[in-house]
Each structure stands twice: as C-alpha cells, then as structure tokens.
There are 2 protein chains.
Amino acid sequence: MTQADRARATSNDVAVLAGVSRATVSQVLNGHADRFAPQTAQKVTRAARQLGYQPSAAGRALRRGSSDFVLALIPNTTFGGNLQDWFERLTATLAAQGFTLVLGVTTASVDVLDRLVSQMQPAAVLAFTPFSAAERAVLARNGVVAVDPPSAARAGQDALIGRLQAETLISRGHRRLAFAHLADSRQDPFGAAREDGVRQAALEAGLPDIEVVGLAIHIDEALGALDRLRPPGIAIACYNDDVAISLMNAAQLRGWDVPGDVAVIGMDRTPVSQVTVPRLTTLEYDLSDAAATGAASVLRALGLEGEAPTPSASALRLVEGASV
Amino acid sequence: MTQADRARATSNDVAVLAGVSRATVSQVLNGHADRFAPQTAQKVTRAARQLGYQPSAAGRALRRGSSDFVLALIPNTTFGGNLQDWFERLTATLAAQGFTLVLGVTTASVDVLDRLVSQMQPAAVLAFTPFSAAERAVLARNGVVAVDPPSAARAGQDALIGRLQAETLISRGHRRLAFAHLADSRQDPFGAAREDGVRQAALEAGLPDIEVVGLAIHIDEALGALDRLRPPGIAIACYNDDVAISLMNAAQLRGWDVPGDVAVIGMDRTPVSQVTVPRLTTLEYDLSDAAATGAASVLRALGLEGEAPTPSASALRLVEGASV
DNA sequence: GGCGACGGTTGACACGTGGTAATGCGCGTG
DNA sequence: CACGCGCATTACCACGTGTCAACCGTCGCC
C-alpha cells in the first residue's frame, strides 16, 4: 500500500523493518539465504517486498565494479516493426535474472561505444553482427563480457533460411537457382551461411551448383546482377526483401515475367514486400526465437543458467506471394 | 601514451600525479577552478588528461542521486532515415556537456520504462512522441526530467514537410491534391501536422481543399484508398515512402498511369523507394537537424545552455524520381 | 564442568565521488 | 614582533551496496 510512496527504500530500511542487520539483508537477497535461519530469511524477503525494495544500481555498480545493465548493439539497418517484440521478450527474460536491457547503436567510430561502455560498465554487451577487432579491444579494455552472436546456432538458423528458400523454389519446378547477396558486406553478416543453405538444398535435389551475385539497393546494380544471371529461367533466393524487390523491378524493366521468367523469394516479410506487384513470396522469422537465443547466450556468458537452444525451423514461416 | 593502459583511473590517481589532494581534483573538475591558483588548476587538468580520467559513473550517480545518462525513447514506428546519423550527432552534442546517450524502446506496458528509469536514474528522458499519462507518472515518481518533444518546432518541421510535398506536386501542374495517412495512428504521430502543411500550401496556391485518406500497408487498403480518391487526376502527398509505394502499386493494379493519372510523393527516401518503377519522388530529411533540436531541448531542460533552434527547410531535400 | 565446534548473525570495510568544515600558510598591519 | 586575515589546501563525511572476518550463544563431548 505505502509501497513506493516516497523515495527509494534502501537496504537499511529493509533491515530496520525486518529487525535484522543490513548485512543479513544483503546476503539473503543475494542468494545466500541458506546461511540463515529460514524464518530470518523469510522476515527479510517479506520486508523487502513490503517496501518495494530495489537495490540501488549505482551502489551495486560501485561495489561490484560492473552494473546490471546489458547493452544490446542494434545494427544500422532500419528498425523492423518486430524489433519491439524482440526487445520486449529479451527484456523480460533478462529482467527475470535481474538484468536490465538498454540499447546502443553500432557506429563507425568506436569512440561512442567506448564512452558508453566505460560509463555504464555493463554486465555484458550483446550484438547481432560479429564484433570488429576495435570493438573487441574496447570491450576487453573495459573488462566487459562480449556476447558474440551465437554463431553456431545463428549459422544453423541461416542455413535453414537458405534451405527453406531453395526448397520453396524447387517445389515450384525451378531448376536453375541463384543467391543474391546484399553488396555491402557490413550489412550482410548472414549471407554466407544462407548461401550455403541454398547450395546444399540444390545439390541434394540433384540440381547444378547455384550462381551467386551481389548488389546494393540501387536499380542499376539490380539490372547488372539480373543480366549476369542470364534470364529467363532463373530462380533467385535473396538475402532480404529489399534485394528481392530490387531484382523484381529490374526484371520488370527488362521485360521479363515474374515468376515466369524470373522467380524471386525474399526474407523478412517487410510491409512493403506485401504490396508489390506481384506480391513477394518471402520468409517470416519469429523474433521471439532469436530473443530466446540471445537471452540464453547472455546468461551463459555470465555464468548463469541457460541451455544453448537449437535452431528450429518452427520460427520460420513461408509467406505465400506470387513471385515464385 | 600510457593513457588508459590498465584499469580506469580514479580521481585519486589524478591527485597523486598532480601532487595535490583528491578534493582539489574534484573541485577543479567540477567548475570551481576559480577557487584555486591558476597553476594548480592547470596541473590538475593536465594530469587528468594525461591519465584519460573519466569520473566513475557509479560513484557520481551514487553521490548525486542521478546519473549522467540521457535516455532517448525511440518510437515503435519504422525509423525511416538514418538512425545512426541521428544517434551519432546527438551523442556528440550531449557528450560535450558530459552526458551519455542510451536508447530505450517505447512499449505498451510502462513496466519496462519503470524498471529502466528506476535503475538508471537518468538525468533526462527524451521522447519523439508526447508522453502518455502513465509514462509521465513513472518519470515523476522517479524524479526524472521528462523532455517533451519540442512540439512547436516539431510541428513546424512537419508542416514544412507537407508544404514542400505540396509545392513539388503543384509545380508539376497537379491541381487536385490529397494527403495519405498511415492508418495506425500510433505509427503516425506526425501525420496531422504534415496534412496541415499540405492543406496550407494548396490553399495559398488557390487550389480546392485537399482530400484525406488513411491506409495500412496492405494492398487491399491501398486499393480502397485510391478508389476513394477517384483517379485520374489526383496527386497524393504521402506520410512516408511505404504509403507512397503502396498507392503506386495500387494504381498499377487499377491500370492508372503514374504519374500521368496518379502522382505520388513520399517521405524518408527509403532504399526500396529508389528501385521502384517508376522511381519514387520523395523527401529526404537530414536527421542532424532533429538531433540538434533534441539536444538543445535536453540541455535547456537541464538548465544548461541551449537556444531553441528554429525549424529550417535546409534539412529537407527533394529526391527527384519519376512519380510526380 | 570446561572446552571446542558450529550455525547464525553482525560490525566493519571498501568501492569512487562531491561537498563542507577545518587546517596550514603567507602576508600585511598594528 | 605578534596578531589576525584571507586564501590555497586538506581531512572528513555521506551516498548504498556486497563481503569477510569476527562474534555470540548453544550444543556435544570428554
């Protein structure tokens, strides 16, 4: 009732209310309740709840040398709408373990990251794309745990994406397959694994090896890439929907029919991909799966519980359009 | 050279190197340098620079009750334009005043914000969209400065956007103008001001009042909205590029020529907007302007220097396509 | 009955900072 | 020459937390 009425309650307030010393409060609330009599621990937890006690982040950070913040570096790509979903789930999972998620942006200069990390002293830094050497140095210098994107699981997931794209194309009768990368490799961290997934599926189906192109989101590059693939009769698995839309429009400019002459499948199911003519066939990725993976990685890196989740195709859903 | 070689330097390290007491260091570095002999102050600042001294955020926060973090709440909308650029500039401006920018995401539940704010005790919270009552309550309870979006400047900027869209359409000879909102008002916080901008420009040009539609990014809604505008001979200023692309594709499905029968102008210059057929005419917004506005608002709210910047059209650039 | 053992609890310290009361010093004046 | 006065510098405290060594009471054992 009077919870959180006034200023923040300190561990001393809890101690007074529970009739024990502050040291007891600290130990009970930090996982050492077994050192005390059960009724003492209960008194403490009850008092803490009654006061709505939340330990001061500043005090904790000062004493322990690192905060309870987990810094997630979001890539430069535009925010998909489902980022919010991802963020909410990761926040909830980490909050259950006492961590608080905050966001940073990966910038060209590491100075920003340096300042951010040295100020916040986060418990861990999580990224989607592999850390650069400079970034890794900054993190090491500040003694911060760097949580790499779970490359194994991630690669497995990406291979699944490529495989599913290829199988969709093959099931529609296409026999000459290609993979289209996003040219800027900085924005295409998952392309290699997806390309491999497409290749594997093609080989297993007894098709010839796939062809590979790369393009930036620019109509001239899309035209060039399409010409190199020698339509008609080409089926292209694309790194993302933007690449797919670029190629689709290039095909229209060249007078090729989609999907008759050029088949295209994307990835991400961006809103725009569902208003194109023809509507884009693409894959939707349930980010809650990625959130679980990310949270597990963080917890494991911090030495807490957390099993390595296996990549599951259940997070991938085929969005049927008319481009294959 | 040996700067930042090992662990963080403390104010004590600076004091030892400068040959003074720690309190002297604190006062000199906290704006009370005039209380000391010039050469003493110089010794301190020199030693601090040599060691790369940065005061511990935890220590400061513990002592002062609030941290030097500024929390920016990014809206749920797809963040058109270059978030990275905006983030970098705002970070730089705030860093010059000793503040560090971190990002949070606005979620439906305020619990996330509550936890974030109570943990971080930020110096200020900055948002793009007006705070809800619940959010404001959370901030007030935690004694945190809430920096409202500079609605006046923001509205002025949005009015400029609408005006520029309208003027572009008018200059191409279009006489029946419309504005297309994004249906989900939660994702369309700036639509009203932009619609007004279009309307004003139309009235000043002696044209009839504009028509207004709203649509989600879905082809059926786009078709419905287009039909309500009774082509041919309609020129549509759109809330963003996604809306514009949707309407362009709807026009193609209905057999209307773009821009002959239906003219469309977007906003944001998303990558995809430049590979459409025809290429979309749109506006590009230099986010550094918004960053300057945001930074000034924060500094003013914190009682520091900062003049209110006026909205300038210089931040807006017309990207010539072939859709008008 | 004395002594060691042991579980339960607590005082004391350190983390790094910012501010305030007090100290030392030098210099001018009576 | 002594005294006081102003100023540069210093000692100390508080912020809230986590942890360790030390303490205390009780029990078992010889």
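The structure presented is a predicted model; accordingly, all values stated were derived computationally and were not measured. By convention in this document, chain letters (A, B, ...) are assigned in the order of the sequence lines, proteins followed by strands, and residues within each chain are numbered from 1.
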Would you please name every residue forming a side chain to side chain contact (heavy atoms under 4.5 Å, CB included) with [X], sequence neighbours left out?
X       : answer
L73(A)  : L71(A), T106(A), L113(A), V125(A), A127(A), F131(A)
T10(B)  : N12(B), D13(B)
A137(B) : none
Q54(A)  : R8(A), S118(B), Q119(B)

Checklist outcome for this item: Those residues at least two apart in sequence (or on a different chain) that pass salt bridge (Lys or Arg N to Asp or Glu O under 4.0 Å) with R22(A) are none

Item to check | Partners meeting salt bridge (Lys or Arg N to Asp or Glu O under 4.0 Å) with R46(B) (sequence neighbours left out) | outcome: none

Starting at [atom1] of [X], measure out to [atom2] of [Y] and round the result to the nearest 0.5 Å.
X       : Y      : atom1 : atom2 : answer
D68(A)  : R60(A) : CG    : CZ    : 4.0 Å
F87(A)  : I74(A) : CZ    : CD1   : 9.5 Å
R63(B)  : S26(B) : CZ    : OG    : 9.0 Å
L302(B) : S66(B) : CG    : OG    : 8.5 Å

Output side-chain donor-acceptor pairs under 3.5 Å for residues 29-43 of chain A, partner residues at least two apart or in another chain, one line each.
unit_1 : atom_1 : unit_2 : atom_2 : d
H32(A) : ND1    : R35(A) : NH2    : 3.2
R35(A) : NH1    : Q27(A) : OE1    : 2.4

Polar side-chain atom of [X] near backbone of [Y] as donor-acceptor pair, under 3.5 Å:
X       : Y       : value
S67(A)  : Q121(A) : yes
T93(A)  : R89(A)  : yes
T100(B) : F69(B)  : no
Q97(A)  : L94(A)  : no

Next on the checklist: Quick check: closest heavy atoms across A58(B) and L62(A), and the distance to 0.1 Å?
Outcome noted: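 Smallest interatomic distance, heavy atoms only, reads CB-N, 3.7 Å.
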
Checklist outcome for this item: Footprint ends on DNA chain C, 5' to 3', for atoms under 4.0 angstrom from a heavy atom of chain B, come out as dG16(C) to dT20(C)

Take atom [atom1] of [X] and atom [atom2] of [N], then tell me their distance rounded to the nearest Å.
X      : N      : atom1 : atom2 : value
H32(B) : dA8(D) : NE2   : C1'   : 15 Å
Q39(B) : dA8(D) : CD    : C1'   : 11 Å
F36(B) : dG6(D) : CZ    : C1'   : 15 Å
D34(B) : dT9(D) : CG    : P     : 13 Å

Item to check | Near-strand residues of residues 56-69 of chain A, defined as heavy-atom separation under 4.0 angstrom from DNA chain C | outcome: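 Heavy-atom contacts with DNA chain C come from L62(A), R63(A).
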
Checklist entry - What parts of residues 112-122 of chain A reach DNA chain C, counting only heavy atoms under 4.0 Å away? => result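 Residues of residues 112-122 of chain A under 4.0 Å from DNA chain C: none.
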
Checklist entry - Are OP1 or OP2 of dT17(D) and a side-chain N or O of S11(A) less than 4.0 angstrom apart? => result yes

Checklist entry - Could you give the angle between the helix axes at the two ends of the helix from dG1(C)-dC30(D) to dG30(C)-dC1(D), with five pairs per end, rounded to 10 degrees? => result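 What I find for the helix from dG1(C)-dC30(D) to dG30(C)-dC1(D) is an axis angle of 80°.
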
Checklist entry - Looking across every strand, which nucleic acid part, if any, lies under 4.0 Å from T10(B) by heavy atom: base, sugar-phosphate, or nothing? => result sugar-phosphate

Polar pairs (N or O, both sides) under 3.5 Å between protein and nucleotides 20-22 of chain D?
unit_1  : atom_1 : unit_2 : atom_2 : d
dC20(D) : N4     : Q27(A) : NE2    : 3.4

